[in-house]
**Q** 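This is the structure, below, for whatever I ask next.
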Amino acid sequence: MGSNSLHVLKGIDFSVEEGELVAIMGSSGSGKSTLLNILGMLDELDEGTYDLDGVPIKDLNETKAANYRNKFLGFVFQSFNLINYKSAMENVALPLYYQRVGRKERQEKALKYLEQVGLKEWAGHLPSELSGGQKQRVAIARALAAEPKVLLADEPTGALDSKTSYEVMDLIQKINDAGNTILIVTHEPDIADMCKRIVHLKDGVILEDKKVNQVRAAQYV
Amino acid sequence: MFSRDNWKEIFETIQKNKLRTFLTGFSVALGIFIFVTLFGMGNGLNNTFMKFFGSDATNIFRIYPSQTTLPYGGYKAKRRIEFYNEDVEEIVKEFGPLIQYISPRISRGASVSYKNKSDNYGTEGVGPSMQFAEKTIMMKGRYLNANDIRDRTKFAVIGRMVEKDIFEGTDALGEYIDISGSAFKVIGVFQDDGGDNEERTIFIPYTTRQLIEGNNNKLDQIVLGFNQAIGYNGAMKFDKKLNAFLRNKKTINPDDPRGVRIQNVAENLKENQQVASVLKIIISGIAFAVIISGVLGISNIMVFVIKERTKEIGIRKALGATPKMITGTILLESVFITTIFGFVGLILGIVVLNFINGKSLEEDYFITNPEINSGTAIFVTILLIVCGALAAFIPARKAARIKPIVALRDE
């Protein structure tokens, strides 16, 4: 963990409207994960501004950042990042615990979102008892449980085979259809084609920003 | 911080990380357990020590006559000094207000028998005041009194073990025993904190002993209890004056190392207390070292535990946990574990101390009534809990402060 700084992003100017499904593409080292981490308040920006839902995100202390993350953002990671000693339902309920939602309501909501991702009957299972695709669906349910403004997915299909990837994308498209704003970092063109807009990054700048005709994942499932 | 949800979260974490919980708890319990047993043993050793030296009264002078080594006042050296009954009276006359009680003492071994049973015991020809000097406790009957001394009665006060040995459980009171050929009536049975040996003694009037030995008036020893109000310094001064008085009276060279000797228990007591306190300091030091190593053990485990949980902390932060919530949960968890296991260790230690308490321990290892006072035990347990909390708090706070992205990258 070196502390020497490195300029990764060199002038990014773009905005995302509510209800969009954006793919951020680029080769490794292009700065796409860094961009997503800044958007997710997991990392800090050195210069520039970032507004989320009309709120300027700056000078955050950890507590404030935690509250914003909890209120505005849902995360889906490439390596799932489920807590391995908690069941699927408990994992999904965790962001609600940090929102101080009551225990009963938490469980009800967690079950509701697990049902939405098709895993209701797996609620009591530990992550180690689930397949990769199931784990990612639990992670998506967890990201949805807090009812965030934006869903941020960092290579959500990176650790999955193509069939499972399409299943996960199908789920993400359905969630987007329901009105949720979603940003996906990916380096797979077929995954990017399933979004509504593709932003190409290269060496820290935007190379291309275009709307595309969405390919529905359902046809491959 | 104390909501039901929070506890639920903690119990879940504990339940699902049994090995980790056990390791932390074990080091806490072991630390407390070792401390309690060690400290208890130390106290036991101290108790034995105090029992050896503390069973008799502490305000006592024992005055012995012996052979002179220097010629003085026209007498040759190697003269045998003897005490007589009138010496006691003169000491009282001279030092009256300084004296609480005084008793002559004539010690003789004797064969004692009752019916078919007989055994050898020490007999002590004494006055009534000897009861105070020896801290003799009457179980039944009475001690010797002034009338017994005056009338030279053939009465005997026997120890509990004497009654047990030769009366074999039957009541000795009022029975006649044979002491070296003379019949004595048992008028009392006593017990003594000094142990079995002191309870194998028979007290008879010193005048009776003198009568048996040819109606003389010689004494072996004079036991004197000084007035405790005069204090340690007063006792030392009294010791010197009494010594000078007796040397003058018996015409003994003041520089003669022998002739007359006053054993001053006050002086012994001071030395004994010093030894006992040094013993205590050593034991406390060892016990303290054990606690320190226990605390270090806990800290070590805590650092490891939190290192292991860095990724989990990152996930929790990404889901919206504030640093405060994270440190709070980890802190509460560690305090909970140390408290539970601390008291387990405490109780185990106390159980072991009670279990090993016994005669063989006392006789073979000089440990009497190993114990720990509840104040010390609870203080140490709380100390360990506080240290455990601190040991968890510092790395937890550090972990809660790192950026979630760094924590998430941790594999």
**Q** Under 3.5 Å, side chain of Thr186(A) to main-chain N/O of Glu188(A), donor-acceptor pair present?
**A** yes

**Q** Quick one: which of Ala66(A), Ala143(A), Ala146(A) has the most heavy-atom pairs under 4.5 Å with chain B, could you say?
**A** Ala66(A)

**Q** Does any heavy atom of chain B fall under 4.5 Å from the side chain of Tyr68(A), the backbone, both, or neither of them?
**A** neither

**Q** What I want to find out is whether Lys317(B) reaches Glu62(A) closely enough, with some N-O distance under 4.0 Å, to be called a salt bridge.
**A** yes

**Q** Below 4.5 Å from any heavy atom of chain B, which atoms of Leu82(A) appear? Answer side chain, backbone, both or neither.
**A** backbone

**Q** Answer with side chain, backbone, both or neither: which region of Arg401(B) has an atom nearer than 4.5 Å to a non-hydrogen atom of chain A?
**A** backbone

**Q** Pairing donors with acceptors under 3.5 angstrom, does anything connect the side chains of Gln134(A) and Ser131(A)?
**A** yes

**Q** Pick one of side chain, backbone, both or neither for Gln99(A), based on which atoms fall under 4.5 Å of a heavy atom in chain B.
**A** neither

**Q** If you apply the rule side-chain contact (heavy atoms from CB on, under 4.5 Å), what do you find for Ile330(B) with Phe393(B), and how did you get there?
**A** CA-CA 8 Å; Ile330(B) 290 174; Phe393(B) 178 70; over 6 Å; no

**Q** Need one label for Ile402(B): side chain, backbone, both or neither, based on atoms under 4.5 Å from any heavy atom in chain A.
**A** backbone

**Q** Do Glu44(A) and Tyr50(A) get their side chains close enough for a donor-acceptor pair, meaning under 3.5 Å?
**A** no

